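Down below is the structure, laid out as structure tokens.
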There are 4 protein chains.
Amino acid sequence: MQRNRFLSDILSTLFDRSSNLPKTQDARDIYALCRALLSEEGEVSGQKLAATVLARYRGLSDAHKLAFFQFLNDELDIDAAALAPLTTEYAAKPSVAGFKRLSHAAEPKRQELLRRLNQPVGATEELVSMRVDLLELVRDNPELARTDLDFVHLLRSWFNRGFLVLKQINWDTPARLLDKIVAYEAVHEIDDWDDLRRRLYPPDRRCFAFFHPAMPDEPLIFVEVALTEAIASSVDDLLSDAREPLTAQQAKTAVFYSISNCQRGLKGISFGNLLIKQVVAELSLEYPNLTHFVTLSPIPGLNKWLATQTNDEAIGPAAQTMLEGTATAEQTRAMAARYLITAKRPDGKPVDPVARFHLGNGAEVHAVHANADSSPNGRAQSGGAMVNYLYDLSKTEHHHENFALRSVVAASRSTLALSTAPFTTKSKEMTP
Amino acid sequence: MQRNRFLSDILSTLFDRSSNLPKTQDARDIYALCRALLSEEGEVSGQKLAATVLARYRGLSDAHKLAFFQFLNDELDIDAAALAPLTTEYAAKPSVAGFKRLSHAAEPKRQELLRRLNQPVGATEELVSMRVDLLELVRDNPELARTDLDFVHLLRSWFNRGFLVLKQINWDTPARLLDKIVAYEAVHEIDDWDDLRRRLYPPDRRCFAFFHPAMPDEPLIFVEVALTEAIASSVDDLLSDAREPLTAQQAKTAVFYSISNCQRGLKGISFGNLLIKQVVAELSLEYPNLTHFVTLSPIPGLNKWLATQTNDEAIGPAAQTMLEGTATAEQTRAMAARYLITAKRPDGKPVDPVARFHLGNGAEVHAVHANADSSPNGRAQSGGAMVNYLYDLSKTEHHHENFALRSVVAASRSTLALSTAPFTTKSKEMTP
Amino acid sequence: MQRNRFLSDILSTLFDRSSNLPKTQDARDIYALCRALLSEEGEVSGQKLAATVLARYRGLSDAHKLAFFQFLNDELDIDAAALAPLTTEYAAKPSVAGFKRLSHAAEPKRQELLRRLNQPVGATEELVSMRVDLLELVRDNPELARTDLDFVHLLRSWFNRGFLVLKQINWDTPARLLDKIVAYEAVHEIDDWDDLRRRLYPPDRRCFAFFHPAMPDEPLIFVEVALTEAIASSVDDLLSDAREPLTAQQAKTAVFYSISNCQRGLKGISFGNLLIKQVVAELSLEYPNLTHFVTLSPIPGLNKWLATQTNDEAIGPAAQTMLEGTATAEQTRAMAARYLITAKRPDGKPVDPVARFHLGNGAEVHAVHANADSSPNGRAQSGGAMVNYLYDLSKTEHHHENFALRSVVAASRSTLALSTAPFTTKSKEMTP
Amino acid sequence: MQRNRFLSDILSTLFDRSSNLPKTQDARDIYALCRALLSEEGEVSGQKLAATVLARYRGLSDAHKLAFFQFLNDELDIDAAALAPLTTEYAAKPSVAGFKRLSHAAEPKRQELLRRLNQPVGATEELVSMRVDLLELVRDNPELARTDLDFVHLLRSWFNRGFLVLKQINWDTPARLLDKIVAYEAVHEIDDWDDLRRRLYPPDRRCFAFFHPAMPDEPLIFVEVALTEAIASSVDDLLSDAREPLTAQQAKTAVFYSISNCQRGLKGISFGNLLIKQVVAELSLEYPNLTHFVTLSPIPGLNKWLATQTNDEAIGPAAQTMLEGTATAEQTRAMAARYLITAKRPDGKPVDPVARFHLGNGAEVHAVHANADSSPNGRAQSGGAMVNYLYDLSKTEHHHENFALRSVVAASRSTLALSTAPFTTKSKEMTP
């Protein structure tokens with residue numbers, strides 16, 4: 001343990017001294033500074049130049065930021081004309097020297113710029129923020145997507161799993177970080193401090209987050225977990241403040257009921273699959289009595305889809321009932337199952353984005369529940385229905401491959417049956 | 001400070017659990033595993049696959065390692081034939097889609113393989129070791145240098161300054177790490193524990209190292225510093241066990257008397273310039289009374305060069321005297337100055353590698369000393385002569401540029417004068 | 001710093017393993033166990049016996065707790081009859097052997113019992129809780145005060161300043177501890193998380209607490225500090241959520257606006273004086289620009305005292321006005337000053353308990369303010385008046401001695417003047 | 001764990017700021033300062049006064065130290081004359097007020113002085129050093145033993161088990177502390193760094209120490225443990241550098257082969273029994289496969305005792321053989337067993353001090369070994385014989401009580417048999 005303590009010293013040093021480099025006034029504009037950073041000057045004074053560029057960037061107006069990204073996009077692009085002959089040459093003879101020239105020419109100069117910008121302490125976080133700006137600008141300036149591809153390429157390399165750190169968030173976590181958990185929670189909003197305490201303090205609750213050593217104050221993604229006896233069928237019950245907590249030893253099931261990405265600037269760099277599997281591994285190790293790892297997930301696209309099915313012969317009336325909020329629990333479950341398992345996009349993958357995420361990770365649709373989320377949002381998107389995706393690590397590879405290559409949706413027998421059952425549309429009204 | 005403590009928790013978590021992933025027996029060979037890692041399967045189970053590949057690699061014989069690198073070199077190379085048309089297309093029309101295709105094709109597949117291998121905890125260190133093997137093999141298989149270029153490309157990105165952590169090594173450092181300092185010291189060998197204590201314990205001694213968060217037990221480079229009153233002219237004096245230590249407050253000068261790179265697998269990724277400047281910044285902040293930052297450096301190429309000068313009219317006799325070990329201090333200093341300032345390679349840069357390093361960092365030749373290193377190695381390489389390079393942070397940029405672009409060697413007026421003074425070759429013998 | 005890191009390891013070890021002692025069922029009752037603990041058996045198995053006694057105590061009913069304390073009070077009292085001859089003997093001849101016998105006999109056996117009970121990890125906290133029970137019982141069983149004197153004697157020795165640890169509480173503090181700060185705040189109640197953030201997060205707010213290593217989760221006492229430009233005259237302003245924070249560098253004054261003791265079981269063991277002076281020392285060191293250290297304190301006894309003065313010729317009418325809530329600011333200040341400086345107990349010390357505390361520490365009455373605390377409690381106890389006590393470390397010794405030995409109340413010239421000024425009782429009503 | 005991290009912050013704070021109290025020049029001599037510390041002045045400025053007294057003490061000559069302790073011994077003694085009537089009074093009527101007066105009078109004033117001296121950071125360590133001086137002076141000034149009794153009384157209370165911290169010492173321990181382990185090792189000297197590494201680094205070696213939070217840099221006592229398969233019979237084997245280490249999982253036995261007290265100033269405050277039992281508990285928890293916990297102990301008094309037995313009819317010749325170094329292994333073992341089990345002091349306890357310690361802790365004599373310690377010291381004191389004491393926590397209480405109250409020496413059947421076997425004195429010579 002002490003071994004890591006040593007590392008912690010290392011890191012305190014790093015963050016205590018964040019600004020001990022000499023500050024100078026450099027009269028050059030941001031373009032000249034970037035060119036200098038890429039030149040000989042950048043070789044020896046790169047850290048200082050990079051800090052100056054980043055400070056200069058922070059002060060830019062929106063219009064100047066656009067201009068800056070256009071500069072990256074055009075002036076620091078691949079020089080394809082220069083690259084072409086090197087390609088031909090290397091195809092003919094794969095020499096080391098040829099490879100070196102080719103490699104160099106094949107990479108847009110902005111990649112090297114971004115790497116050199118990443119030298120000062122704190123720079124990684126600034127580059128992530130810079131990408132938030134870029135994503136904003138790409139909307140109206142789609143050609144900037146080229147530059148964004150390079151951002152993604154580098155960030156993916158820097159936020160490689162091998163560099164991420166899993167950390168438990170609990171009631172011993174500093175308030176500063178808990179404030180961020182509250183702010184970043186994206187699935188089931190955290191009302192106040194008492195609500196947060198209900199999710200972190202009881203012995204049957206867990207929360208885990210990934211961090212990157214270069215951004216120690218910023219969670220990248222976190223998941224909230226409830227340890228339960230049975231597989232949970234309602235988030236209302238999970239978040240209730242009246243319940244009696246279990247000890248961790250009594251629990252049989254770990255329910256992942258909320259996963260939130262925290263960094264818009266890391267969009268497209270996926271941590272969810274890794275986080276879930278790492279947490280499953282951690283919990284398995286710590287509580288060998290846990291037998292099931294499931295999510296309790298929203299079905300965000302259900303009602304939207306139902307609205308497109310109201311003229312369908314088979315399920316139109318049931319869909320209508322559901323949209324009117326008068327469907328029975330049984331109807332709701334049947335419709336949710338049908339939607340999750342049969343509603344597909346043109347590419348064959350499910351319409352539902354949350355389903356795509358978990359099925360893509362190799363999970364399977366385990367069970368659907370009515371009256372599981374009574375929040376306004378839950379009612380509006382899925383009539384209160386929710387779904388458990390089951391993570392069985394011995395099957396995730398198989399499921400993933402079936403899903404990725406053949407679009408097969410893995411599901412429990414009962415949910416499959418439910419998804420194809422004929423509808424007893426009138427059941428609720430008919431009940432005498 | 002507590003903020004960083006939180007990070008330290010993060011990191012303890014990381015390293016305490018290094019092996020909590022399910023272990024399976026995978027029957028495939030390393031090539032099939034690498035292909036799987038690059039395929040769909042690698043998307044979802046990359047961490048486990050990568051761990052398996054790395055374990056498999058560790059077990060390979062030397063011959064199989066060569067075959068493995070040849071596989072990387074050839075099968076996972078750039079497909080230049082496929083790249084060529086994409087280049088032309090993009091040159092004609094720089095579309096986003098075209099850029100995406102081009103970028104993807106322009107990168108050797110082995111780069112993506114290496115990134116995916118870097119997912120398990122501890123993988124970075126294993127990839128660095130893998131490169132040690134590769135460098136060995138490149139000697140007899142020069143075509144593997146192509147693969148090595150990709151290693152360098154990725155390692156340079158991952159060991160970016162922004163991710164490095166500066167750490168003081170002192171008498172509160174764990175023994176485990178001190179063992180490594182002893183092992184890695186490359187300039188002035190550390191004899192035993194008492195010698196190490198002399199370099200770390202006294203109040204006027206400092207040692208700093210760079211670490212990477214993914215390799216917390218392994219220093220990347222370290223520098224040993226003596227705080228002194230005057231600019232030190234002899235490493236014998238610095239390392240003497242009879243001296244009386246100063247308080248840090250009494251010191252006027254920081255003498256960098258030993259810099260050692262620790263990781264052969266990071267060859268070509270330069271940390272020395274960054275380390276020296278960061279340590280200068282740290283020490284300046286902590287001890288505002290420090291006025292000079294100098295090295296006390298060996299002159300490894302002096303005698304070798306002198307051996308080529310014995311027929312030179314001007315300095316031949318003096319060179320001879322020196323090689324015979326009978327030169328006076330005055331002669332020795334003059335020859336050392338002349339060598340450092342005037343002996344050049346065809347490209348105009350100094351013959352001496354240590355000189356090239358410090359001058360390339362923007363330092364200047366400050367003073368040369370005779371009888372400064374009486375160790376057998378010191379005698380053999382430079383007749384006991386050593387040199388101070390001066391780091392004046394207000395001038396390093398200027399010096400660096402002059403040196404890099406125009407091969408100008410910055411030197412103090414007195415050393416310059418010494419380097420051009422006519423030799424009084426017989427002085428020693430003549431002294432009555 | 002690493003040196004302390006090592007200690008932290010030490011301590012983690014301590015608290016991670018809190019319950020690794022073999023648990024056995026011991027059939028003896030708590031009295032037999034206590035006797036065993038004091039006997040030969042306690043010499044070698046004291047830690048286990050003590051844990052058993054403490055566990056047994058926790059399970060006692062109130063009636064049995066009383067019986068237990070009566071056992072301590074009577075059976076484990078000083079044996080004065082046995083002591084008397086030893087006293088005489090030692091008075092005649094102060095031999096070492098005689099001293100040993102005398103010392104042993106002069107200490108009530110319950111002290112040794114308490115020391116032996118303090119062996120298991122966590123025992124100190126349990127003994128502090130035990131004293132909470134005891135204090136409760138002393139009310140109706142005043143003879144138990146003898147046992148309480150021994151508790152105080154030992155706790156004072158164990159909670160010696162040399163063992164206390166000063167710690168800053170801020171927004172990096174774990175939530176678990178912040179919950180306790182909220183619970184223990186005794187002067188200005190903390191409404192909710194936002195109120196807490198206002199007191200801990202801004203750059204011009206500080207909070208410090210004393211801890212004891214054997215009770216690391218429990219603050220003993222804490223003080224809340226506001227850094228301000230001028231000496232604060234209203235806690236309403238200090239706690240307002242609309243104010244603009246200063247940087248710590250802009251501040252000239254540190255205002256101690258709330259001090260709360262946390263442990264009822266440590267009643268009579270005073271930490272306040274030590275805490276204030278240590279915090280003054282810390283802040284002086286960190287912010288050399290701070291020139292004044294003052295409290296902004298309640299005047300809890302003002303209105304109660306005024307109610308006894310309504311028939312007084314000089315101030316009766318003014319007191320009446322004040323109690324009716326119609327006094328002017330000027331009147332309020334005059335009355336507060338008069339109360340603080342002139343209202344004395346029979347022993348010559350001030351009637352006001354807060355005044356006694358700060359004056360006893362060597363502070364002086366610096367200024368009084370009207371409309372400074374508009375909370376219901378503030379209105380009720382002092383008509384909203386508050387007072388600054390000034391801590392000038394160069395004078396505290398002198399003031400303390402004057403106060404302790406001669407009951408002199410140190411006060412600023414202006415407050416002294418105010419305290420003796422004749423009253424313009426009608427001023428408010430007279431204002432046309 | 002983070003909970004303890006918080007405490008570590010607490011403690012870093014403590015030790016980083018060790019000298020932030022205002023320093024003043026106080027003209028009074030050490031006696032006047034002590035009196036002031038005990039007076040009203042000490043109530044409010046005790047920490048500063050105490051620091052001044054301690055600084056003054058450090059500067060005293062040996063003669064002045066003696067005078068200082070005589071001052072403590074006489075002027076700050078119990079006033080027995082004043083105490084006598086209070087005793088009588090309390091014997092007559094045990095009132096609270098009477099108890100308070102009695103308690104106060106019954107304690108030597110030097111105890112309160114020592115408590116007040118213990119207020120500055122670092123004071124505890126200084127008081128421990130002060131006692132080293134005192135113990136030195138007691139030799140020639142036996143009356144000072146009275147003062148020493150008060151030192152012991154307070155130190156025993158402050159170094160109560162509940163305040164001690166168990167810490168593993170290993171290869172991740174800072175060099176600064178390892179230097180102390182080398183210095184304090186009292187049983188089997190540590191030759192050099194390699195010897196230390198052999199004791200701390202291998203996976204089958206452990207070392208544990210007790211620390212006190214107020215002296216974090218100073219171990220109080222430490223024990224070195226070897227994990228082995230069989231019960232070790234030779235320390236030569238244990239410390240050999242040629243052996244192949246076990247994994248901790250392979251081990252069946254924990255051998256405590258060296259226990260060293262570190263603080264002369266804590267003489268008479270026993271930590272050994274507590275340390276051994278805590279380490280047994282820790283190791284049992286971590287390695288459930290461990291079945292035996294034994295020492296491998298020296299027999300320091302064997303040869304000395306044999307020298308007194310040369311005229312004894314039964315064992316005289318054998319004793320002679322042994323002292324001449326020509327005894328067989330069998331003879332050596334028999335004599336060692338007889339010595340340990342039968343050689344008694346007038347009070348009935350064993351002559352051997354190490355035996356008294358372990359038997360007093362409730363261990364039993366398990367086995368004796370010849371040729372177990374070939375060091376010069378081992379040869380000289382016991383002809384190379386050593387002994388295993390066995391700690392079976394289920395029996396230690398029983399053994400302890402039998403030993404303490406009835407002087408029964410617990411021993412294994414085989415050792416008992418050996419201790420009473422008739423001697424075959426000539427066996428070695430007779431072997432043809």
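Every chain is numbered from 1 and lettered A, B, ... according to where its sequence line falls, protein lines coming before strand lines. Just so it is clear, the model here is predicted, and its values are computed rather than measured.
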For K100(C), which residues count as a side chain to side chain contact (heavy atoms under 4.5 Å, CB included) partner, sequence neighbours excluded?
L149(D)
Tested for salt bridge (Lys or Arg N to Asp or Glu O under 4.0 Å) against D150(D), the lone hit among R156(D), R115(D), R110(D) is R110(D)
Proximity breakdown for [X] and chain C, heavy-atom pairs closer than 4.5 Å:
X	answer
N273(D)	side chain
T124(D)	side chain
E401(D)	side chain
S270(D)	neither
E107(D)	side chain
L154(D)	side chain
A123(D)	neither

Most heavy-atom pairs under 4.5 angstrom with chain D, which of V280(C), L274(C), T396(C), I78(C)?
I78(C)
Residue selection (most heavy-atom pairs with chain D, distance under 4.5 Å) from S39(C), A80(C), P85(C):
A80(C)
Could you check whether D74(D) pairs with R146(D) (Lys NZ or Arg NE/NH1/NH2 to Asp/Glu carboxylate O, under 4.0 Å)?
yes
Does a side-chain N-to-carboxylate-O contact under 4.0 Å join E112(C) and R116(C)?
yes
Which atoms of [X] approach chain D - backbone, side chain, both or neither, heavy atom under 4.5 Å:
X	value
P94(C)	both
L86(C)	neither
L102(C)	side chain
L117(C)	neither
S95(C)	backbone

Taking [Y]'s backbone N and O only, do any of them form a donor-acceptor pair with [X]'s side chain (distance below 3.5 Å, no angle check)?
X	Y	answer
D392(C)	S394(C)	yes
S157(C)	H153(C)	no
N118(D)	L127(D)	no

Note, Y391(C) side chain near V279(C) side chain (heavy atom, < 4.5 Å)
no
F210(C) side chain reached by F159(C) side chain, heavy atoms, under 4.5 Å:
no
Among D77(D), D79(D), N361(D), residue most engaged with chain C (heavy-atom pairs, under 4.5 Å):
D77(D)
Dump the intermediate steps for ring-ring contact (aromatic ring centres under 6.0 Å, His included) on F163(C) and H212(D), then the final yes or no.
CA-CA 10 Å; F163(C) 299 140; H212(D) 189 281; 5.5 Å; yes
